[in-house]
Amino acid sequence: YTLQGQKWHHVNLTWSLRTRRLDKVDHGWVRSDLNKAFQVWAKYSKLTFREVNSESADILVFFEKGYHGDGYPFDGPGQVLAHAFFPGTGRGGDAHFDEEEEWLVADKTSKDGTSLFRVAVHEFGHSLGLSHSSAEDALMFPWYQDLKSNFELPNDDRIGIQVLYGAKNDKIWGDIPAYRPTSQRPDPSTTVPTISSTARTVITKSMTSITNPITPVTYTTSRPMPPRRPPVAVVVDDKPDFCNTSFDAVSIIRKDTFFFKGKYTWRLGPKGVYAGYPALISRLWYNLPEDMNQVDAVYERLDGKIVFFIGRQYYLFDGNNPLRGYPKPLTTLGLPEELDRVDAAIVWGHNSKTYIFSGTMYWRFDDETGQMELDYPRDISSVWRGAGYNIDAAFQWHDGATYFFKNRDFWKFNDLRMRVEQEEPRSIGEFWFNCT
Amino acid sequence: RPIQESNNTSRRARSTPIYEDVQGYLMKFGYLPESDLETGNNLRDGSQLHDALRTLQTFGNIPITGKLDEATKQLMKRPRCGVSDISPTAGQHRTKR
C-alpha cells in the first residue's frame, strides 16, 4: 500500500452527495451504494461516516462530465471512470464520478455497466489518504476489478487504512500486532508514528531498537559449535546502514534479491535498491511473530512458496500470506532436535535440491519424502570448499553462482569448480550496494 | 449539426478507444513527467519511453518488456481511476474549492 501523506485529523467524517440530477440511476440507490462503500473502510478502521445534506461535509461526492472545473476532465464513457482528492481543506477528500458512465447500482450486474460500489470504494480510499497500490488484488489497484460476493478488505488496503486511522477493535489489531495504536503499544517511548509529507510511504513503527546488541544464541548440539557472533550494525535512524552491516539472510524472491537484517528488509532489483526500502519485514510477510528480532534464513521454493526459518521453527508463505498449519518445528523436516536454528537455505539450480546450512554442517532435502536425505548432514568444507562455517546467508544469484555471506563480507562460489573463486572475501556493501 | 448515432452502435465498444497517445497516457498517470507539456518538448528518446512502459507494466502486473505489446495495450484499455499512479497528481490535493 502507499500512503499519499495527507490524512484526516478527525475520525468522525461526514459526506454528502451533491448531485441532484442523475439521469440514469435512482438517487436513493446511489446514496445507498455510496454509504456501503464508506462502510467498507469504517469496518476495518476507527473511522465513522455520516451522511449529511451540507456543502460543508468533509467528503463531497459529485457526478460530473467532461471539463468540470478541477483541471481533470472526464473522457466520456469508459477509460477513466472517477477520481478523488486526498484529504485536506476545500476540495480535499471529494470524489468525482464520470456522469457519462453506465453506472450500475444495488448490486446489479451487466456486461456493459460498471458497479458504482466497486469504483466508490476505491475512490474513497483516496479520499482517506491512500494512493494507488501495485498489489493486483488490492482495492487501491488503479484498474478496477470485480469484487467477489464474499468480499473482505484485502490485507494491503486493510493495513494501509489501519496505519492511518487505527483499527476498529483489539481483535483486528491482534491480526496485525505491529500496527497497534500508540495507546495500546507496550512502550510508547519507542513509538514514532510518522507519515512522510512527501508520500511514498515510510512509516516508522513501534519496535524494539536494534541498537541494542542481540543476545547471541548458543548451540546445544552434541557436536560443539561456536556461539553466533552478535550482529554488527551501524544504526542510522534505528535502521541498519546497509553499507556497514552483516545480514541475517539473503534470498532471491520473485526474481529480486531480498536482504534481511533485524526487522528490516531491502529489495534489490535490476536498477538497485527499490524506493521505500528498507521496509519492515512484517509489512511484506504478515503475521510473523511479534517479538521477532531477526530471521535466520529465507528461500523461495520451486513451487513459489516462501519459507522463513526463525529459531527452531519455520513458516510457509503463499506470497504475503502465511499458510495455515505453520510454524512447524525444524524436526518435521528431519533436522535434529538439538538444532537451535539454521544459518541459510538455498535451492541449488544445478540439481534443484534444497540445501540447509547450520554451523559446520549442511543437509540436502528430499522434496518427495519431505525429509532430509540419508547420508546427511555433511561437513560444509567437504563440498562447499572455502565457504567457511557458521555462515550468515547463502543464495544462488541470477548469474548462476552461489554466494555465501558472513559478517560484512561475501564469497562467490564457483559451482563448476566447486570452490570459492578467491580466498579473500569481498565487501557486501561495496559490491551489492555500491557503497564506497 | 450533431451526427445521428446508429442504434446499433455498442456503447461499450464506442467507449473504449485504443490509447494511441501512449505518451499522453503515461504522462496522465505519472509515468512520464508532465513538465514537457510546459516546455513544449514532445520528443523523448526511446529509453525514456522504454523505462516508463516498464514501470507501467510493473505496476500493472503484466510482463515487463518495455514495449507497447498487446498486454500493455489491453492494460491501457482497462477502466481505471483517474488519479496518478506514481505520485499524487500535482495540485490535486491542494486545489481549493
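All values reported here derive from a predicted model rather than from experimental measurement. Note on naming: letters A, B, ... go to the chains in the order of the sequence lines (proteins, then strands), and numbering restarts at 1 for each one.
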Peer 1: Is it the case that atom CG in A/Asp146 sees more than 12 heavy atoms from other parts of the structure closer than 6.0 Å?
Peer 2: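 12 or below, so no.
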
Peer 1: When rounded to the nearest 0.5 angstrom, what is the spacing between OG in A/Ser134 and CG in B/Leu56?
Peer 2: 11.5 Å

Peer 1: For a 4.5 angstrom cut-off between non-hydrogen side-chain atoms, does A/Pro142 reach B/Phe29?
Peer 2: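 No; the side chains remain at least 4.5 Å from each other.
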
Peer 1: I need the single residue from A/Trp143, A/Phe141, A/Tyr144 that forms a side-chain contact (heavy atoms from CB on, under 4.5 Å) with B/Cys81. Which is it?
Peer 2: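 By the side-chain contact (heavy atoms from CB on, under 4.5 Å) criterion, B/Cys81 pairs with just one of A/Trp143, A/Phe141, A/Tyr144: A/Tyr144.
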
Peer 1: Side chains of A/Gln79 and B/Lys28: closer than 4.5 Å at any heavy-atom pair?
Peer 2: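 No, side chains not in contact.
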
Peer 1: Using every non-hydrogen atom in the two residues, find where A/His132 and B/Val83 come nearest and quote the distance to one decimal.
Peer 2: CE1-O, 2.9 Å

Peer 1: Which value, rounded to the nearest 0.5 Å, describes the distance between B/Ile64 atom CD1 and A/Lys255 atom NZ?
Peer 2: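 It is 8.0 Å, given to the nearest 0.5 Å.
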
Peer 1: Is it the case that over 12 heavy atoms from other parts of the model lie below 6.0 angstrom from the CZ atom of B/Arg78?
Peer 2: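 More than 12 heavy atoms, drawn from other residues, nucleotides or ligands, come within 6.0 Å of this atom.
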
Peer 1: Please report the interatomic distance OG(B/Ser84) to CD(A/Gln4), rounded to the nearest 0.5 Å.
Peer 2: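 The OG atom of B/Ser84 sits 11.0 Å away from the CD atom of A/Gln4.
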
